[in-house]
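Here's the structure, in C-alpha cells; my notes come after.
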Amino acid sequence: MPQKPSIPKGTRDFSPAEVARRNYIIQTIKKHFEVYGFQPIETPSFENSDTLMGKYGEEGDRLIFKILNSGDFISKVDDVTYSSKKSSSLLPKISEKALRYDLTVPFARYVVMHQNEIDFPFKRYQIQPVWRADRPQKGRFREFYQCDADVVGANSVLQEAELIQLYDAVFTDLKLVGSTIKLNNRKILSGIAEVIGAQHLLIDFTVALDKLDKIGEEGVRKEMLAKGISELAIEKAAPLFTMSGSSLEQLTQLKSLLGESEIGMQGVAELEEIITTVEAVGLKTANLQVDVTLARGLNYYTGAIFEVSAPEGVSMGSIGGGGRYDDLTGIFGLKDVSGIGISFGLDRIYLVLEALGLFPEHLDKSIDVLCINFGAKESLASLKLISQLRENGIKAEVYPTATKMQKQMKYANNRKVPYVILIGEQELANGEFVAKNMDTGEQETYSMDSIAAFTEKL
RNA sequence: GUGGUUGUAGCUCAGUUGGUUAGAGCGCCUGAUUGUGGUUCAGGAGGUCGUCGGUUCGAGACCGAUCUUCCACCCCA
C-alpha cells in the first residue's frame with residue numbers, strides 16, 4: 001500500500017455526526033441573525049493581496065496565506081530581487097492573491113465596491129471559512145469558520161446594544177448559559193494613553209494591559225517598561241490594574257481618571273449609554289461586564305470592543321469578538337461610513353458545547369425508519385411503503401441487500417434508527433407491516449392501507 | 001516565527017536499564033441464535049510501532065531529520 005494520505009496541519013475532516021452538530025450551531029446563529037434583520041452575502045475565498053495586506057498589523061501580514069502566481073512565476077522576477085533573497089521584496093512579485101484572513105475586511109471591500117447598489121444602513125451576515133497561517137493549538141486552527149454580523153452606515157450606540165442582545169440570544173438558544181460579554185471602548189484606551197502621555201505607544205500599552213489577568217500587575221508593569229513607557233506614566237495608569245466593582249462603578253472611576261481627556265470622556269459616555277440601554281432591555285443568560293483591560297482585537301476598531309468568553313470552567317479562548325470601526329471603508333476610498341460588527345467562532349463554540357455536553361441528542365439520528373430486506377418480493381413492497389413515508393417527509397430507507405436479519409438489525413442499531421419496519425413473507429401475504437420500536441423493543445402490526453396510524457407515532 | 005511536547009491495532013492506551021514471535025480494553029468479523037438489535041458466552045481477523053536515515057550483534061525503546069498532536073510565547077475566533 002502506498003503511504004497513507006494526510007491533510008495539512010491545522011485542518012480537519014468532518015464526519016456526518018460532526019457536520020450535523022456544526023449545522024445545528026450554524027442554523028441557530030443564522031436564525032437569530034435573520035430575526036435581527038441581517039441579510040446574507042458571500043465573498044470569494046481569496047482576495048487580491050493588496051486588499052488584505054497591511055490591514056491586520058505586521059503580525060497579521062505574517063499569518064495571511066499567500067497564493068503563488070500561476071505560470072512560470074519565478075522567471076519573471078528580476079535578477080536583483082531574486083538574488084537579494086529577501087522575502088518581503090520577492091513576495092509581491094510572485095504572489096498577487098491571498099486567502100481571506102477574516103470576514104470584516106472583505107466586507108468593507110464589498111461595501112465600497114457595491115456602494116451604489118446598497119441601501120444604508122446595510123445589515124449583512126456572512127458565514128464562511130477563513131484561513132490563518134498560525135501554529136495550531138486547541139481551538140485554534142488554520143482553517144476555521146467565522147459567523148459575522150455587521151451594520152454599516154449608522155453610528156448610533158443603539159447598534160452596540162442590539163448586538164449585545166444578539167450575542168445573548170444566540171448563546172441562550174444554544175443552552176450555553178453564563179457566557180460573559182466583555183465590553184470596552186477604544187476611546188477609553190486612547191484617553192488613558194493620552195492622560196499618561198503615551199499616545200505614541202498606544203498599541204504597546206494596550207497589548208500589555210490586555211495581559212493583566214494572565215501575567216498579573218507586575219508582569220504588565222514590566223512589559224510596559226520594556227516597551228518604553230515611563231515609570232511615571234505607568235504609575236498614572238495604576239488605577240486600571242485594580243479596577244473592580246460593577247460596570248457603572250468602574251465608569252465612575254474612569255471619569256475621574258480621564259477628566260482631562262476629551263476622547264476618553266467620550267468613550268466613557270458611550271459605554272454608559274450602551275450599558276444603561278442593555279440594562280433597560282435586559283439579557284436572558286449572558287453577563288455583561290466592562291473590562292478596561294480588554295484590548296485584543298484588530299487595529300481598525302475605533303469605538304466599542306466586544307469579546308465573549310465561555311462560561312467559567314471551560315478553558316477556551318474567546319468564542320466571539322467584535323467592535324466598532326469608524327473608517328474601515330476609508331482604506332478603500334469610501335469616507336465617513338461607520339460600521340460595527342460581531343463575530344462568532346463556530347469551531348470554538350463547537351468545542352465548548354461538546355465539553356459541556358450541550359448538543360441535543362436527536363442530532364445523531366440520520367433516518368427515522370429502516371426497512372428490513374427479506375428478499376425481492378418483500379423489498380418491493382417495502383419500497384412502496386417507504387415511498388409513501390418519504391412523501392410525508394419521513395426519512396426512510398430499505399436495507400439494500402437481503403443479508404442476515406441480525407446484521408440488518410445491528411446496522412439499524414448503530415445508526416440509531418428509532419423504528420425498524422419488517423415486511424416478510426407473512427406480512428406480505430396479509431397486506432401488513434410490523435413496526436418495531438428500537439428503544440422499547442415493542443412491535444406493532446399495521447395495515448398497508450393505513451400508514452397514518454403508524455406515522456402518527458413518529 | 002521562537003521554545004517544548006506527542007505519535008504503538010479502527011478508537012483509548014500499556015510495553016521494565018536496548019534482547020526471541022509487540023499486548024489490553026472497547027470496536028469489528030464468525031458462531032451459540034435460518035424472523036429480531038442493544039446484554040451474555042465461545043472463537044477469529046487486524047500492527048513495515050508516524051516517515052526517512054543513523055548507532056548497535058540486536059531498536060517500538062537510543063541519536064538525527066521530517067511530518068503530525070498538544071502546550072507556552074507571539075497573536076487571535
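Below, read A as the first sequence line, B as the second, and so on, with proteins coming before strands; counting in each chain starts at 1.
If you check every strand for non-hydrogen atoms under 4.0 Å, A:Asp61 touches nothing. Within 4.0 Å (heavy atoms only), A:Glu58 reaches no atom of the nucleic acid at all. Nucleic acid contact class of A:Leu422 (heavy atoms, under 4.0 Å, all strands): base. Within 4.0 Å of A:Gly10, counting heavy atoms only, lie sugar-phosphate atoms of the nucleic acid but no base atom. Residue-level contact check: A:Gly139 touches the bases, meaning some heavy atom is under 4.0 Å from a base atom. Contact annotation for A:Val207: backbone-only contact, meaning every heavy-atom pair under 4.0 Å involves sugar-phosphate atoms and none involves a base. If you check every strand for non-hydrogen atoms under 4.0 Å, A:Ser318 touches sugar and phosphate atoms only. Contacts of A:Gly441 with the nucleic acid, taken as non-hydrogen atoms under 4.0 Å apart, include base atoms.
Side-chain atoms of A:Gln146 lie closest to B:A77 of the nucleotides B:A77, B:U68, B:C74. Set against B:C71, B:A77, B:G1, the side chain of A:Lys138 has B:C71 as its closest nucleotide. Here the side chain of A:Met405 is nearest to one of B:U69, B:A72, B:U36, namely B:U36. Listed nucleotides: B:G31, B:C70, B:A77. Nearest to the side chain of A:Phe144: B:A77. Nearest nucleotide to the side chain of A:Arg348, out of B:C74, B:C70, B:A77: B:A77. Taking only side-chain atoms of A:Lys214, from C-beta outward, the nucleotide of B:C73, B:C74, B:C29 with the closest atom is B:C73.
Residue A:Asn414 places at least one side-chain N or O under 4.0 Å from the OP1 or OP2 atom of B:C28. The shortest distance between the side-chain N/O atoms of A:Lys407 and the OP1/OP2 oxygens of B:U36 is not below 4.0 Å. Distances shown here put every side-chain N or O of A:Lys416 at or beyond 4.0 Å from the OP1 or OP2 atom of B:G37. OP1 or OP2 of B:A72 lies within a sub-4.0 Å distance of a side-chain N or O belonging to A:Gln137.
Atom CD of A:Gln408 is separated from atom P of B:C29 by 14 Å (rounded to the nearest Å). Distance CG (A:Asp13) to P (B:G10): 17 Å, rounded to an integer number of Å. Protein atom CZ of A:Phe65 is 14 Å distant from nucleotide atom C1' of B:G1, rounded to whole Å. Between the P atom of B:G35 and the NZ atom of A:Lys377 lies a distance of 16 Å, rounded to the nearest Å. In this entry the distance linking CZ of A:Arg142 with C1' of B:A77 reads 16 Å, nearest Å. Distance NZ (A:Lys410) to P (B:G38): 6 Å, rounded to an integer number of Å. The distance between atom CG of A:Asn437 and atom P of B:G38, rounded to the nearest whole Å, is 16 Å. Across the protein-nucleic acid pair, A:Lys182 atom NZ and B:A77 atom C1' stand 13 Å apart, rounded to whole Å.
Side chains of A:Arg109 and A:Thr51: a donor-acceptor N/O pair is absent below 3.5 angstrom, by distance only. In this structure, a donor-acceptor pair under 3.5 Å is absent between the side chains of A:Arg324 and A:Thr302.
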**Request:** Run the numbers on A:Phe141 and A:Arg12 for side chain to side chain contact (heavy atoms under 4.5 Å, CB included), then give the verdict.
**Result:** CA-CA 9 Å; A:Phe141 308 98; A:Arg12 296 141 307 150; 3.5 Å; yes
**Request:** Carefully, step by step, assess A:Val19 and A:Asn23 under the rule side chain to side chain contact (heavy atoms under 4.5 Å, CB included).
**Result:** CA-CA 6 Å; A:Val19 171; A:Asn23 282 341; 3.5 Å; yes
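Evaluation of atom-type donor-acceptor distances gives a pair under 3.5 Å for the side chain of A:Arg135 against the base of B:U2.
The gap from the C1' atom of B:C71 to that of B:A65 amounts to 23 Å, rounded to the nearest Å. Comparing the P positions of B:U8 and B:G1 gives an interatomic distance of 26 Å, to the nearest angstrom.
Ranked by how close their nearest RNA chain B nucleotide is to the 5' end, A:Gly317 and A:Lys436 are led by A:Lys436. Between A:Phe141 and A:Thr11, it is A:Thr11 whose nearest contact on RNA chain B lies nearer the 5' terminus.
Annotation: cation-pi geometry not satisfied between A:Arg132 and A:Phe144 (NZ/CZ under 6.0 angstrom from ring centroid, within 45° of ring axis). Cation-pi geometry between A:Arg22 and A:Phe14 is met: the NZ or CZ atom falls under 6.0 Å from the ring centre, inside 45° of the normal.
Annotation: side chain of A:Phe46 is not in contact with side chain of A:Trp131 (no heavy-atom distance under 4.5 Å).
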